[in-house]
Amino acid sequence: METSAKQTFQAGPSKAVPRQSPEVIDVDLLDDSAQYTEPGSSQHAGKSTFKLAAHSPEVSATSASSIPNARDHIVATRQSLATTTEVSVNPQYPPLDVDPVAYPLDDCPWKTTSAPYSFLAHALATLSGTRSRIAIMNVLTNALRTVIKFHPASLRSTLYLLSNTLSPPYSTVELGLGPSVLSKAIQDVSGLTASTLRRLYNSTGDPGDVAFEAKSTVRTLIPHPPLLITGVYDAMLKIANSKGTGAAKSKQAVVQKLLVAAKGEEVRYLVRTLSQNLRVGAVRTSILSALARAMVLTPPSTLELSSDSPFYVSSDQLSGIKPIAASPKKKSVDRARDDLHEKFLCAEAMVKKAYVLHPNYDHIADALVEAGLGGLPERLPLTVGVPLLPTLGSPARSLEEVYGLLGSQAFTAEFKYDGQRAQIHASRRSSGSNVVKIFSRHLEDMTDKASLQPLLSYPDVVSLVDDMLSNYERVDSFILDAEIVAVDPADGSLRSFQELSNRARRDVKLDDVKVTVSVFAFDLMYLNGDILLEKPFRLRRTLLRTVLPSWTPERMSAARLHHVQSCESSEGRESVEQFWQEAVNSRSEGLMIKLLDSGEVNENSREGKSRRKPLPATYEPDKRTAAWLKLKKDYVSGLGDSLDLVPIGAWHGNGRKAQWWSPILLAVWDPHAGKLVAVCKCMSGFSDAFYKELREKYPEDSDTCSRQPQGLYDILTGGLKPEVYFKPQEVWEIRGADVTVSPVSVAALGLVSAARGLSLRFPRFIKVREDKKIENASTPEFLANVYHSQQGKGEHGGGVDDGDLVDVDVDESEVEEQYESD
DNA sequence: GTTGGCTGCCC
DNA sequence: ATTCTGC
DNA sequence: GCAGAATGGGCAGCCAAC
């Protein structure tokens with residue numbers, strides 16, 4: 001089998017991309033169905049992935065200048081192919097980006113009964129071609145209308161494929177497929193070598209584009225039946241469900257089957273879907289809005305609608321809407337369009353509300369098809385056992401900013417614990433077996449028994465909740481919001497996030513729990529059958545504190561229930577300032593500031609003019625508003641850990657950063673060894689303009705950027721091997737939240753741990769330190785000192801004395817002293 | 001049986 | 001998680 | 001201001017390779 005894979009495309013020395021006229025490879029391979037239906041086949045042995053591909057030394061011929069714009073090149077290639085190959089065989093669909101009022105829906109645009117995948121690929125390709133939100137909404141809306149009208153049974157699969165998910169977040173289905181298997185499959189189907197694919201990948205930054213290019217070199221002799229939307233979705237499920245020995249092979253077999261059957265643009269979006277990075281400018285929110293609009297315009301034919309419905313428009317009304325004027329001189333009055341817009345807004349609110357309370361596309365699709373928009377509240381209620389989307393906090397940079405936004409309105413400042421967000425559901429059952437569920441921030445099920453994935457599982461928290469149900473007589477059911485934190489079993493003092501992550505995550509028995517935790521509850525969304533979301537936070541909190549008081553089980557290592565430590569704004573600004581200091585000096589991330597009663601925000605526009613806008617203190621699923629402000633110490637200048645690091649290498653960026661270096665590898669300066677030692681990668685904080693300059697300062701294969709380290713400095717990278725090395729010549733200020741003990745970094749190796757180096761949590765670029773030379777960059781000792789000062793900050797304060805070490809603006813001479821003192 | 005790459009999740 | 005960008 | 005995109009460190013668990 002292996003020998004039949006004639007590789008027409010060698011890892012050629014001078015070609016970055018295949019030539020415009022594709023050569024034909026041995027197609028027998030592709031049409032041999034045994035090739036992709038036998039999971040046991042060993043044909044893939046020895047092939048390497050994109051990542052592992054050994055690059056031939058001749059690659060240097062692929063200089064950036066020989067391909068001024070790789071993206072343009074790809075587009076040109078695609079167009080030239082479109083007239084000659086199977087791309088033109090695809091059905092021609094009507095344009096989707098038109099005003100929905102003008103979109104033709106009289107004739108079914110496909111010949112199959114079930115909706116074909118090519119239609120979805122057509123929609124995705126159109127989405128990719130625009131950044132206009134209006135066009136994106138039009139495409140999504142018209143595509144969904146078409147599916148609803150001509151094959152509503154495909155709606156579920158369409159929603160999952162559009163949103164690039166497989167199942168509700170709280171179910172345990174996952175693809176278990178990464179770039180490794182995907183790239184092997186593309187190799188096998190296209191016959192291209194790993195290094196050719198690797199080079200394509202470097203220039204396009206998108207595995208889907210690579211697959212598209214690779215497949216365009218292949219001509220299939222035997223026509224394949226069209227892929228269907230439901231078929232592709234079912235294949236994804238099949239991939240997800242294959243587990244155990246041989247799983248990788250059978251996943252790859254399914255992928256190859258899909259790739260062989262896919263034509264033209266289908267290939268690109270299939271692979272983007274499989275790599276779980278669709279990148280078409282539309283995710284959940286837009287999809288839900290479009291779904292609502294589609295239902296307004298094109299309700300399923302099975303529904304009986306009353307003419308005065310607040311959601312639907314009659315065809316008479318629709319035909320009364322004028323097309324949008326091409327010249328935007330003045331907007332002509334169009335009552336019918338305004339009315340449609342109103343209905344859109346109303347329907348969008350309904351669909352989004354249904355989703356945030358009950359995030360399940362299966363249930364939404366079924367409810368819409370069977371009962372219409374009006375059926376949503378009843379069919380997707382807030383349910384104990386089904387997670388709702390959590391309220392999110394918006395960042396605040398200082399206490400001044402907090403007071404500026406909230407003025408004199410009552411708020412509470414709560415400790416922001418460094419643990420894991422948990423939404424806890426409980427319901428007492430008379431039969432004895434209670435319903436207890438724990439969900440993560442992204443709504444994954446973390447309850448022990450139900451979880452088949454490697455997630456943190458919390459039998460100790462489940463046991464705590466069972467205790468609560470049996471001991472709190474006024475409580476039958478609740479949903480609460482909390483942070484689970486690792487604690488010292490002896491005194492309950494807080495431990496680090498890293499310790500929490502050390503917990504086993506699967507099939508954990510109560511007695512096996514090694515890291516004790518506390519549950520710090522901070523909100524209550526549901527109690528004894530009452531939905532509390534619309535109640536002000538003050539009331540929710542009072543209920544939480546009175547009905548679910550703290551609880552410490554007998555057993556010392558069991559999970560405990562606490563309420564978060566807080567300080568009220570009514571205690572005065574000084575107390576709040578003091579509480580903030582306490583948070584800074586303890587093992588907490590900072591504060592969460594929460595509005596207690598519904599009020600207003602001050603929105604500071606320029607020149608001191610401030611507008612006030614209503615600010616509810618209700619529980620707002622999936623919203624980031626000023627009602628919850630997170631004040632983290634590492635946001636506040638002068639408080640976070642800030643390091644001066646040297647850029648020493650980089651990787652090729654992906655997607656929108658495909659033409660740039662990203663991420664960048666950063667190093668500390670070790671004056672004793674006279675070496676630069678890699679600490680971490682960084683991709684955040686750079687503006688696009690900075691990326692462009694950087695690409696000019698470090699052009700690929702130049703004297704400042706090459707595949708091997710060059711220049712005067714020795715470089716030590718440990719487990720952080722970049723694709724290219726920069727000539728070390730500048731120093732950047734990099735901020736992080738914490739210094740971490742790292743399995744890959746060798747920076748400060750031996751100073752904190754004999755086997756592990758140090759790295760940085762949440763690294764981001766702040767600015768170039770024009771005033772610093774390599775020799776003035778941060779040292780391993782400095783890194784180790786920052787780490788030690790963090791450790792000093794337990795529950796009991798501490799760390800105040802050595803707090804100087806984490807100051808951003810450490811005096812130049814102080815830094816020098818540190819070097820000397822070692 | 002052990003090691004190490006891959007994956008998906010937490011922050 | 002953080003950050004930047006286009007609409 | 002929202003929505004989307006690109007990617008950080010680090011962990012356990014799984015599976016393939018040795």
Side-chain angles (χ1 to χ4, degrees), chain A residues 44-46 49 51-52 130-137 169 172 174-182 205 243-249 251 276-286 289 392 394-395 418-422 440-442 444 446 451-457 483-484 496-508 589 603 613 623-626 630 632 634-635 651 653-658 660 662-664 666 679-691 720 734-745 756 758-766:
Chain A
H44 317 300
T49 66
K51 252 188 184 163
L52 300 174
T130 182
R131 299 183 79 161
S132 150
R133 302 307 309 169
I134 291 167
I136 286 170
M137 283 306 297
T172 58
E174 48 176 73
L175 206 54
L177 177 96
S180 165
V181 167
L182 201 48
K243 291 182 182 98
T245 305
K249 285 262 163 59
K251 282 172 200 270
Q276 297 176 93
N277 189 5
L278 204 47
R279 286 191 26 240
V280 293
V283 289
R284 198 191 65 227
T285 325
S286 302
S289 288
L392 308 168
S394 22
D418 193 5
Q420 180 175 14
R421 183 97 177 248
S440 73
R441 193 203 111 111
H442 291 291
E444 302 284 336
M446 303 190 293
S451 176
L452 295 171
Q453 310 134 284
L455 286 180
L456 282 180
S457 67
E483 189 81 4
I484 295 177
S496 71
F497 174 77
Q498 233 169 340
E499 281 185 73
L500 181 70
S501 353
N502 281 329
R503 278 176 64 118
R505 303 177 188 196
R506 190 167 169 170
D507 291 334
V508 186
E589 289 189 286
E603 282 188 340
K613 268 177 54 177
K623 292 238 166 75
R624 240 179 243 288
T625 71
K630 52 176 174 180
K632 291 176 62 163
D634 76 287
Y635 297 158
W651 286 259
N654 286 314
R656 63 177 294 275
K657 296 186 181 175
W660 304 328
S662 178
I664 314 289
L666 300 162
V679 176
C680 66
K681 298 185 263 188
C682 183
M683 48 68 55
S684 196
F686 304 110
S687 68
D688 287 7
F690 189 85
Y691 278 120
L720 296 158
I734 304 292
R735 183 184 293 249
D738 286 303
V739 173
T740 54
V741 179
S742 168
V744 291
S745 165
R756 310 173 102 195
L758 297 179
S759 192
L760 208 57
R761 175 147 81 142
F762 309 144
R764 62 260 196 203
F765 170 80
I766 303 298

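Chain letters run A, B, ... following the sequence lines, proteins first and then strands; every chain starts at 1. Computed from a predicted model, the values in this text were never measured in an experiment.
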**OP:** Please state whether the phosphate of D:dG4, meaning OP1 or OP2, lies under 4.0 angstrom from any side-chain nitrogen or oxygen of A:Thr285.
**Re:** yes

Subject >> Closest-nucleotide ordering on DNA chain C, the 5'-leading residue of A:Arg131 and A:Lys632 >> reply: A:Lys632

Original post:
Given atom CG of A:Asp738 and atom P of D:dG10, what is their separation to the nearest angstrom?
Top reply: 11 Å

**OP:** For D:dG10, take OP1 and OP2 only and decide whether either is under 4.0 Å from a side-chain N or O of A:Ser501.
**Re:** no

**OP:** Respond yes when some side-chain nitrogen or oxygen of A:Asn654 is under 4.0 Å from OP1 or OP2 of D:dA5, and no when none is.
**Re:** no

**OP:** Round to the nearest Å and state the distance from A:Lys249 atom NZ to D:dC15 atom C1'.
**Re:** 11 Å

**OP:** Can you label the angle between the A:Phe765 ring and the A:Phe690 ring as parallel, tilted or perpendicular, going by 30° and 60°?
**Re:** tilted

Original post:
Is there a side-chain polar atom (N or O) of A:Ser742 under 4.0 Å from OP1 or OP2 of D:dG10?
Top reply: yes

Original post:
With respect to the phosphate group of D:dA6, does any side-chain polar atom (N or O) of A:Asn277 fall under 4.0 Å of OP1 or OP2?
Top reply: yes

Original post:
A:Asn502 has a side chain; which of D:dG9, D:dA3, D:dC11 sits nearest to it?
Top reply: D:dC11

Original post:
Atom CD of A:Gln276 to atom C1' of D:dA5: distance rounded to whole Å?
Top reply: 16 Å

**OP:** Please list, in 5' to 3' order, the outermost nucleotides of DNA chain C lying under 4.0 Å from any heavy atom of chain A.
**Re:** C:dA1 to C:dC7

Subject >> Nucleotide B:dT7, atom P - distance to CG of A:Leu455 in whole Å >> reply: 17 Å

Subject >> Spatial distance of atom NZ (A:Lys243) from atom CD (A:Glu174) [nearest 0.5 Å] >> reply: 7.5 Å

Subject >> Which nucleotide in B:dC9, D:dG8, D:dA16 has an atom nearest any side-chain atom of A:Ala247 >> reply: D:dA16

Original post:
How do A:Phe762 and A:Ile134 order along DNA chain C: which one's closest nucleotide is nearer the 5' end?
Top reply: A:Phe762

Original post:
From A:Arg503 CZ over to A:Ser457 OG, what is the distance, rounded to the nearest 0.5 angstrom?
Top reply: 7.0 Å

Subject >> Any N/O donor-acceptor pair, A:Arg761 side-chain to B:dC11 base, under 3.5 Å >> reply: no

**OP:** Examine D:dA6: is either OP1 or OP2 under 4.0 Å from a nitrogen or oxygen in the side chain of A:Lys657? Give yes or no.
**Re:** no

Subject >> Residue A:Arg421, side-chain atoms from C-beta onward, closest of B:dC11, D:dG9, B:dT7 >> reply: B:dC11

**OP:** Using atom CG of A:Asp418 as one end and atom P of D:dG10 as the other, report the distance to the nearest whole Å.
**Re:** 14 Å

Original post:
Of the non-hydrogen atoms in A:Ser440 and A:Gln420, which two are nearest, and what is the gap between them?
Top reply: CB-NE2, 4.1 Å

Subject >> Gap between atom CZ of A:Phe497 and atom CZ of A:Arg761 - 0.5 Å precision >> reply: 6.0 Å

Subject >> Interatomic distance, A:Glu499 CD vs B:dC11 P [rounded to whole Å] >> reply: 17 Å

Original post:
Just how far is it from atom SG of A:Cys682 to atom CD1 of A:Ile766, taken to the nearest 0.5 Å?
Top reply: 8.5 Å

Subject >> Nearest-angstrom distance from the residue atom CG of A:Leu177 to C1' of B:dG5 >> reply: 15 Å

**OP:** To the nearest 0.5 angstrom, please state how far the CG atom of A:Asp418 sits from the CD atom of A:Glu483.
**Re:** 7.5 Å

Original post:
Within the structure, does a side-chain N or O atom of A:Gln498 lie under 4.0 Å from either OP1 or OP2 of D:dG9?
Top reply: no

Original post:
What pair of heavy atoms forms the shortest contact from A:Leu760 to A:Cys680, and how long is it?
Top reply: CB-SG, 4.1 Å

Original post:
When the C1' atoms of C:dA1 and B:dG8 are considered, how many whole Å apart are they?
Top reply: 15 Å

